[in-house]
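Here is how names work: the chains are called A, B, and so on, in the same order as the sequence lines, proteins then strands, and each is numbered from 1.
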Amino acid sequence: MKNFSFELIKTCAASGARRGRVHTPHGDIETPCYMPVGTQATVKAMTPEAVKDVGAQIILSNTYHLHLRPGEALVKEAGGLHRFMHWDRPILTDSGGFQVFSLAGLRKISEEGVKFRSHIDGSSRFLSPETVMQIENDLGADIIMQFDECSPYPCDRTTAENAMLRTLRWAERCKRAHAREDQALFGIVQGAFEKDLRIESARALTDMDFPGYSIGGLSVGEPKPQMYELLEVTTPELPRDKPRYLMGVGTPDCLLEGVLRGVDMFDCVLATRIARNGTVFTTDGRLVVKNARYARDFAPLDEECDCYTCRNYSRAYIRHLFKAGEILGAHLASVHNLRFLLRLMEKVRAAIDADNLPQLVRDFYARYDMSRNF
RNA sequence: GAGGGAGUAGUUCAGUGGUAGAGCGCCAGAUUGUGGCUCUGGAUGUCGUGGGUUCAAACCCCAUCUCUCUCC
């Protein structure tokens, strides 16, 4: 592994939360961090400049989607994903394990890999640990995910155990097939909702010595307390000197709860997805800005926010843009939502530095309306 | 002035005697490793007005008002 390492800077004396720094070929990432998602080599409705402006240190993209369109060969020909999409900071690519689970039709999972139908044209496709590694190597992200098998919720124990064990075997195969020294390959913890399986998975992956560890298969419909309990038994099993990435989690409260339980990295489509549909995060909770009640509300989305949108536009104007179907509405709301989460993480890092993360969490819950949360 | 056409939801219109409909708009909900300018649901009405025929009228008859087209 070249140019990749994790530096554990300190742990919060009041909570045990971790403050760290990930070094990658395209720069450093202060953790805990939230990573905006750019599935198809673009953070939807955002230019890379705007993504930088809201404070993103790293973005996520997706093997499954880029493999189907435009194809990794084209991205490689363009000079790799960074050049192709004009983003010079770190990139993480997901492996496609989750997409095969959530998007593809008629999937058939075998030990060799997964046969599925493309959601774009219905064509028959096959992904294996080896093909996924080749694709991710061609895309050229700084951090890449192993190919894994994600279990559904709910999930019976046998199914959960088989998926977890298969994910371990696929982790070995990914490791063997991974050909680039300048890309950090993360293993993925599975085990569904069985604590002992999660622990077994974390220990086995740790023995394989990955540069970082992802926690997958959560936030797929289970109650939040259950997710938190599973995190509590998982993170203690992972090595302290490697980053932990909780995949797909990104409501404001879940980010805080994840950090409290030792998570360093998060990604989530929620912020940009709800933004495109007229909903934003605010200090006081969720706000559906397209609702009629904001037609004559000339205040910013969030009085506390320092983003470009809140500095220059009103709720009434943004509502108008949504009602009129204007693209700018999606952009302005996305700018705000991304800034909201990224700024929350800036506050989290500062709080850990000051050993008072629990106070930040209390202050958050004191204002944030959880009754209308996700 | 003469002749024709049209008046039904916010809007454009469908509905030829039997429980008033559609598209759009409007209102609301959903959204966690992104098939999402998407998806799901909801509310809409003196059927221009007044009379008549009929068991029953948006629909048939009479009158009237409004809009519109053509001609003088």
Report the relative orientation of the aromatic rings in [X] and [Y]; use parallel for angles under 30°, tilted for 30 to 60°, perpendicular for over 60°.
| X | Y | value |
| --- | --- | --- |
| His65(A) | His119(A) | perpendicular |
| Phe98(A) | Phe101(A) | tilted |
| Phe364(A) | Tyr368(A) | parallel |

Given [options], which nucleotide is nearest the side-chain atoms of [X]?
| X | options | result |
| --- | --- | --- |
| Asp267(A) | G33(B), C27(B), G29(B) | G33(B) |
| Asp94(A) | U32(B), G33(B), G36(B) | G33(B) |
| Thr279(A) | U38(B), G36(B), U31(B) | U31(B) |
| Val288(A) | G29(B), U31(B), G33(B) | G29(B) |
| Asn291(A) | U38(B), G33(B), G29(B) | G29(B) |
| Ala292(A) | A28(B), G36(B), G33(B) | A28(B) |
| Arg276(A) | G36(B), G33(B), A30(B) | G36(B) |
| Val249(A) | U32(B), A30(B), G29(B) | U32(B) |

No-H, no-angle donor-acceptor pair, Asp148(A) side chain to G33(B) base, under 3.5 Å:
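Flag set: donor-acceptor pair detected.
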Provide the distance between the two [atom1] atoms, one in [N] and one in [M], to the nearest whole Å.
| N | M | atom1 | result |
| --- | --- | --- | --- |
| G10(B) | U16(B) | C1' | 28 Å |
| U31(B) | U40(B) | C1' | 11 Å |
| U46(B) | G51(B) | C1' | 16 Å |
| G7(B) | G52(B) | P | 24 Å |
| G41(B) | C47(B) | P | 29 Å |
| A43(B) | C55(B) | C1' | 34 Å |

Compare side-chain N and O positions of [X] against OP1 and OP2 of [N] and report whether any pair is under 4.0 Å apart.
| X | N | result |
| --- | --- | --- |
| Asn373(A) | U32(B) | no |
| Arg273(A) | C39(B) | no |
| Arg372(A) | U31(B) | no |
| Lys323(A) | C27(B) | yes |

Give a yes or no on whether the backbone of Glu257(A) and the side-chain of Arg261(A) come within a donor-acceptor separation of less than 3.5 Å.
yes
If only atom types and distance count, is the side chain of Ser214(A) paired as donor or acceptor with the main-chain N or O of Gly216(A) below 3.5 Å?
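No; judged by distance alone, with no hydrogens or angles, the pair does not exist.
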Base partner of [N], which must satisfy Watson-Crick or wobble distances under 3.5 Å:
| N | answer |
| --- | --- |
| C60(B) | G52(B) |
| A6(B) | U66(B) |
| G36(B) | none |

At under 4.0 Å between heavy atoms, what does [X] touch on the DNA or RNA strands: base, sugar-phosphate, or nothing?
| X | answer |
| --- | --- |
| Gln146(A) | nothing |
| Gly217(A) | base |
| Ile120(A) | nothing |
| Thr272(A) | base |
| Ala330(A) | nothing |

In whole Å, what is the span from the CD1 atom of Ile327(A) to the C1' atom of U38(B)?
15 Å
Rounded to the nearest Å, what distance is computed from the CG atom of residue Leu270(A) to the C1' atom of nucleotide A30(B)?
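The distance from CG of Leu270(A) to C1' of A30(B) comes to 11 Å, rounded to the nearest Å.
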Between Glu149(A) and Gly325(A), name the one whose nearest nucleotide on RNA chain B is closer to the 5' end.
Glu149(A)
Under the side chain to side chain donor-acceptor pair (under 3.5 Å) definition, can you give me all pairs with a residue in residues 262-273 of chain A, not counting sequence neighbours?
Arg18(A)-Asp264(A), Tyr245(A)-Asp267(A)
Whether Lys10(A) and Asp353(A) form a salt bridge (side-chain N of Lys/Arg under 4.0 Å from carboxylate O of Asp/Glu) is what I want to check.
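Between Lys10(A) and Asp353(A) there is no salt bridge, as every charged N stays at least 4.0 Å from the carboxylate O atoms.
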